[in-house]
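The analysis underlying the following values was restricted to heavy atoms, covering all of them including side chains, and did not include hydrogens, waters or symmetry mates.
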Amino acid sequence: MAEAAPLYDTYSRAPLRFERGEGVWLITESGERYLDFGAGVAVTSVGHSNPHVVAALKEQADKVWHLSNIYEIPGQERLAKRLTDATFADKVFFTNSGAEALECAIKTARRYQFSKGHPERFHIITFEGAFHGRTLATIAAGGQEKYLEGFGPKAPGFDQVAFGDIEAVRAAITDATAAILIEPVQGEGGVRPATPEFMKALRQLCDEHGLLLILDEVQTGVGRTGKLFAHEWSGVTPDIMAVAKGIGGGFPLGACLATAEAASGMKAGTHGSTYGGNPLAMAVGGAVLDIILADGFLQQVRDVSLVFRQGLASLKDRYPDVIEDIRGEGLLLGVKAAIPSAELLEAIRAAHLLGVPAGDNVIRLLPPLVVTAEEAREGLARLERAAESIRAAKVKKTA
């Protein structure tokens, strides 16, 4: 009898073991090369083993790794200043993950209403299909039954409505509502973008009712959609924003950004994190921003995205029996399969291309933002091989 694995059985892992990465490529222990269009679920934003990021980490590792927030950490002040200079925000709280950034955002919104004399205002309106993390609060915010089942009563204070339905949002607002929380593009939910009109209407409702607008830009932020943050496409400014994934380029790093007004209730002692904002993370985050904020970088993301979108549209036209729809923004792209998405994912892996499953029978394609047009075309060629293999298998089966 085989020895039981020492790990929790919480993941259905693909039988692949990668030893190293180079740019947009991952290499297995046996030397096979895979084109990584999953990027660790939109995390390795500037590619694997990026020399600038590696150098920043090594330099900091020779100095000090951990201090805790008992002391001032100059790296936090530097990175926070760069983030506030580049965004709507005045204040930043550093975390280790996206879920922690969302927890901070939720607490910031509730504490704001409390500090203004409205302790009854703690409910947050969220949207069907959302994914905000795996903590007890964030699975309640996401509201998906598959993540809630078996973990006791759902954390109170989250009121879900249909994604994109502004009248449903309006009807859900009560005297207990504190904020509205939304992903500008639902990633896990099937790469579903909110329209600019919907985002603007949410901002207007928040202003009318004294609510805070919270954006979950954990997956959409830090250049993923071709702007530094996805909400820039709609011209909407949030009060609070959670970011993670791409900001660390693979190192565990998240942040909650807020206006000074939204963060005004977060006084000393109201929140904390032992590891959040540690010197290693700050060094890496700064190096990632060096690349993302460089002149022309985001334009390059948009240019490559156009090549990618055009190629995907062509594949959809030629393989309608495999690909039903293409959706997304920038380099956050979704391929809605016309067959079970697991079959398409298996076929693209056989073509040594990596993607990420999502809801609504979608596979996400999330290459590192440093991907070139030539590498995008190579990915398209591998996706075409996968589609061709699926079609050939169908023909053989019916023959």
Determine whether the aromatic ring centres of Phe94 and Tyr275 lie less than 6.0 Å apart. no
Are Phe114 and Phe122 an aromatic pair by the rule of ring centers under 6.0 Å? no
Derivation and outcome, salt bridge (charged side-chain N to carboxylate O under 4.0 Å, His left out), residues Arg121 and Asp175: CA-CA 7 Å; Arg121 300 186 79 170; Asp175 291 341; over 6 Å; no
Donor-acceptor pairs are to be reported for all side-chain atoms of residues 176-183 against protein atoms at under 3.5 Å, with residues two or more places apart or in another chain.
| unit_1 | atom_1 | unit_2 | atom_2 | d |
| --- | --- | --- | --- | --- |
| Thr177 | OG1 | Thr174 | N | 2.9 |
| Thr177 | OG1 | Thr174 | O | 3.3 |
| Glu183 | OE1 | Phe131 | N | 3.2 |

If the test is side chain to side chain contact (heavy atoms under 4.5 Å, CB included), which one of Glu329, Gln219, Arg302, Glu232 qualifies with Thr225? Glu329
Identify each donor-acceptor pair in which a side-chain atom of residues 5-16 lies under 3.5 Å from a protein atom, sequence neighbours left out, and give them as a table.
none

Where do Ile166 and Leu202 land on the side-chain contact (heavy atoms from CB on, under 4.5 Å) test, with the steps shown first? CA-CA 7 Å; Ile166 196 63; Leu202 292 179; 3.8 Å; yes
Near-ring test His123/Phe158, centroid separation under 6.0 angstrom: no
Using modelled atom types and a 3.5 Å cut-off, is there a donor and acceptor pairing between side-chain atoms of Trp65 and backbone atoms of Ala61? yes
Indicate the ring-plane relationship of His271 and Phe93, choosing parallel, tilted or perpendicular according to the 30° and 60° boundaries. tilted
Between Asp360 and Val362 (side chain of the first, backbone of the second, donor and acceptor by atom type, cut-off under 3.5 Å), is there such a pair? no
Are Val92 and Met241 joined in one hydrophobic group, where the rule is that I, L, V, M, F, W and Y side chains link up if heavy atoms are under 4.5 Å apart? yes
Kindly compute the distance separating CG (Leu312) from CG (Asp325), expressed to the nearest 0.5 Å. 11.0 Å
Backbone of Ala99 reached by a side-chain donor or acceptor of Arg134 within 3.5 Å: no
Could you list the donor-acceptor pairs under 3.5 angstrom formed between side-chain atoms of residues 244-262 and any protein atom two or more places apart in sequence or on another chain?
| unit_1 | atom_1 | unit_2 | atom_2 | d |
| --- | --- | --- | --- | --- |
| Lys245 | NZ | Val41 | O | 3.1 |
| Thr259 | OG1 | Ala262 | N | 3.0 |
| Glu261 | OE2 | Tyr112 | OH | 3.0 |
| Glu261 | OE2 | Lys116 | NZ | 3.1 |

Distance-only, no hydrogens or angles: does the Thr44 side chain make a donor-acceptor pair with backbone N or O of Gly47 under 3.5 Å? no
